[in-house]
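A short write-up of the structure that comes next.
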Amino acid sequence: MPPTKAPDSLSFPVRRRCPFAPPPEYERLRAEEPVAKVRLPTGGTAWLVTRYDDVRTVLSGSAFSADGTRPGFPRLFPGQEQILQRPPFIRMDPPQHGFYRRMLIQEFTLKRVKTLRPGIQATVDRLLDELLARTPPVDLVDAFALPVPSLVICQLLGVPYDDHEYFQSQSRIAASGTSTAEQFASALGGLRAYMDELITRKQRNPGDDLLSKLVTEQLEPAGELRREDLLMMCLMLLHAGHETTANMISLGTMALLEHPDQLAALRSDPELLPDAIEELLRYLSIADFVTTRIAAEDTRLSGTEIRAGDGVIALLAAADWDPEVFGEPDRLDIHRGDRRHLAFGYGVHQCLGQNLARMELEIVFSTLFARIPTLRLAVPVDELSYKHGTLLYGVHELPVTW
Ligand code: HEM
């Protein structure tokens with residue numbers, strides 16, 4: 001392995017070298033410089049936090065703020081500026097954050113999410129029917145991993161069936177991580193206009209779905225939610241729930257196929273599936289640096305002084321591979337039975353959609369490996385292309401055969 005750079009010259013994001021493991025630099029930083037200053041691609045600097053306990057400290061408590069409008073909030077990509085000018089509630093602090101989160105929380109409880117199960121199972125079955133009707137190799141990302149979460153969000157929001165194709169094609173462009181800035185902006189503009197019109201339709205003719213509920217109960221004048229904020233909420237749900245789950249489906253499949261002993265153990269004991277999913281979430285930690293914050297006051301972390309206004313990135317993959325918490329973190333072990341991972345974040349912003357994501361992954365993996373027992377990769381993992389440096393880690397294409 002090539003020598004890693006000295007921390008003072010480290011640019012962020014750092015590339016992963018092995019398709020699954022976090023960048024090797026994290027290990028060294030965790031041991032030698034657990035709070036390290038790095039250069040961001042947008043020109044500023046931020047503190048990288050790599051120890052499990054420190055990451056939890058950053059994500060809980062009031063010393064660190066998620067308010068994206070604060071001057072100095074870390075910007076990782078050009079264009080983020082625009083979103084952060086009027087951010088969705090993932091980039092707000094309490095009490096404003098709670099005002100919006102509370103409107104959605106009932107819709108993401110385990111009980112409520114369970115009502116979506118038959119619909120998700122039907123979607124997964126249909127997509128696998130279509131996939132099996134094709135001649136392999138087939139790209140699993142395009143044929144399965146991206147459409148599953150997109151169709152689940154359609155179901156959740158109440159997107160009419162006739163509009164699925166348009167909705168899916170635009171959200172696929174917005175979520176693929178490969179689109180140009182123009183393609184992304186145009187897809188987002190299309191989805192925004194579509195959502196705006198859908199809100200009007202739900203106002204006239206509400207159904208039994210999340211959007212109808214928000215429109216009838218929360219939207220002005222009956223409630224306190226402005227139309228613009230409702231639009232932003234829908235786009236955030238779409239974004240937060242689409243590429244995340246899609247990347248977990250494709251990389252999770254790949255990780256199981258590359259660890260045949262683990263896959264065999266799972267096949268022989270399907271009861272292990274919930275633990276296997278927790279372990280895959282930990283092992284892959286695909287939302288590694290989604291968790292950006294800004295120091296709200298002067299504070300110290302692992303002996304390093306952080307000044308109010310400094311940008312901070314709490315690295316989830318570094319925390320989830322901290323050997324102080326997870327023994328032999330580089331081993332994918334579906335028997336680990338440890339749910340302390342931070343793949344869904346921690347604190348008030350901990351993933352709102354985690355019950356839904358877990359259920360989608362359970363249905364996906366149980367159905368995929370049962371229906372295609374001979375599933376295998378059509379291309380060696382080191383020949384695949386990965387989403388390096390994008391906000392969510394993943395694989396661009398995953399050709400599979402059976
Ligand atoms: C927040 C990861 C799926 C909706 C978060 C955060 C992480 C995360 C790390 C915290 C961000 C922060 O603290 O700055 C994931 C992963 C997923 C997933 C790994 C899939 C495996 C979903 C799904 C939905 C969703 C399916 C909904 C459809 C949200 C929302 C927030 C959030 C609304 C913001 C919560 C808040 O600020 O209160 N997610 N997510 N996520 N996620 Fe997820």
Side-chain angles (χ1 to χ4, degrees), residues 12 22 26 29-38 40 44-76 80 83-84 87-105 108-109 236 240 244 278 281-282 285-326 329 338-355 357 391:
F12 194 79
Y26 289 7
L29 289 174
R30 204 191 298 108
E32 294 169 14
E33 206 185 352
V35 179
K37 198 155 244 185
V38 287
L40 301 179
T45 60
W47 295 103
L48 275 196
V49 178
T50 42
R51 285 187 183 160
Y52 182 89
D53 287 343
D54 288 342
V55 167
R56 288 215 307 190
T57 302
V58 170
L59 299 181
S60 52
S62 56
F64 298 91
S65 159
D67 180 354
T69 63
R70 285 190 188 230
F73 195 88
R75 270 99 170 109
L76 298 183
Q80 239 183 341
I83 300 169
L84 291 178
F89 69 85
I90 192 170
R91 287 295 161 259
M92 290 178 189
D93 283 338
Q96 202 191 8
H97 162 260
F99 170 78
Y100 294 101
R101 185 165 166 130
R102 273 194 300 277
M103 288 183 191
L104 289 173
I105 209 137
F108 289 93
T109 59
M236 182 181 67
T244 44
E278 297 311 309
L281 285 161
R282 178 199 73 81
S285 292
I286 54 138
D288 181 21
F289 47 88
V290 162
T291 32
T292 44
R293 297 293 188 267
I294 184 165
E297 55 194 58
D298 292 349
T299 184
R300 288 184 85 80
L301 205 57
S302 275
T304 302
E305 195 172 327
I306 296 179
R307 309 296 301 266
D310 285 356
V312 177
I313 304 171
L315 292 173
L316 302 181
D320 285 343
W321 281 53
D322 187 336
E324 295 286 323
V325 181
F326 304 99
D338 193 330
R339 295 172 70 103
R340 287 176 299 164
H341 68 76
L342 305 180
F344 287 123
Y346 189 72
V348 290
H349 290 281
Q350 196 183 48
C351 182
L352 181 71
Q354 58 185 289
N355 291 326
L391 200 53

Pairs touching residues 285-307 that satisfy ring pair (Phe, Tyr, Trp, His ring centres under 6.0 Å), sequence neighbours left out: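 The answer is Phe12-Phe289.
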[Y] and [X], any side-chain heavy atoms less than 4.5 Å apart:
X: Thr45; Y: Val38; answer: no
X: Val312; Y: Ile294; answer: no
X: Leu315; Y: Val58; answer: no
X: Arg30; Y: Pro323; answer: yes
X: Leu40; Y: Ile313; answer: yes
X: Pro87; Y: Thr69; answer: yes
X: Leu48; Y: Val35; answer: no
X: Arg293; Y: His349; answer: yes

Those residues that, when tested against Trp321, pass ring-ring contact (aromatic ring centres under 6.0 Å, His included) (two or more places apart):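 Residues passing ring-ring contact (aromatic ring centres under 6.0 Å, His included) with Trp321: Tyr283.
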Tell me every residue that passes ring-ring contact (aromatic ring centres under 6.0 Å, His included) with Phe89, counting only those two or more places apart in sequence or in another chain. His97
Check [X] against [Y] and note the closest heavy-atom contact, atom names and distance.
X: Pro74; Y: Thr292; value: CG-CB, 4.1 Å
X: Ser285; Y: Ala343; value: OG-CB, 4.5 Å
X: Ala295; Y: Phe64; value: CA-CD2, 3.9 Å
X: Thr291; Y: Ala314; value: OG1-O, 2.7 Å
X: Asp54; Y: Ser302; value: OD2-OG, 2.5 Å
X: Pro88; Y: Met236; value: CB-SD, 3.5 Å

Looking at SG of Cys351 and CG of Leu281, how far apart are the two atoms once the value is rounded to the nearest 0.5 Å?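 Reported value, rounded in 0.5 Å steps: 9.5 Å.
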dist Leu29:CG -> Glu32:CD (nearest 0.5 Å) comes out at 8.0 Å
Could you tell me whether the side chains of Asp67 and Ser65 share a donor-acceptor contact shorter than 3.5 Å? no
Suppose we screen for side chain to side chain contact (heavy atoms under 4.5 Å, CB included). Which residues come up paired with [X], at least two apart in sequence or across chains?
X: Arg340; value: Tyr52, Val325, Phe326, Asp338
X: Asp310; value: Trp47, Ile306, Arg307
X: Thr109; value: Gln106, Lys111, Arg112

Counting distance only, does the side-chain N/O of Asp288 pair as donor-acceptor with the main-chain N or O of Leu316 below 3.5 Å?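 Looks like yes, one N/O pair under 3.5 Å.
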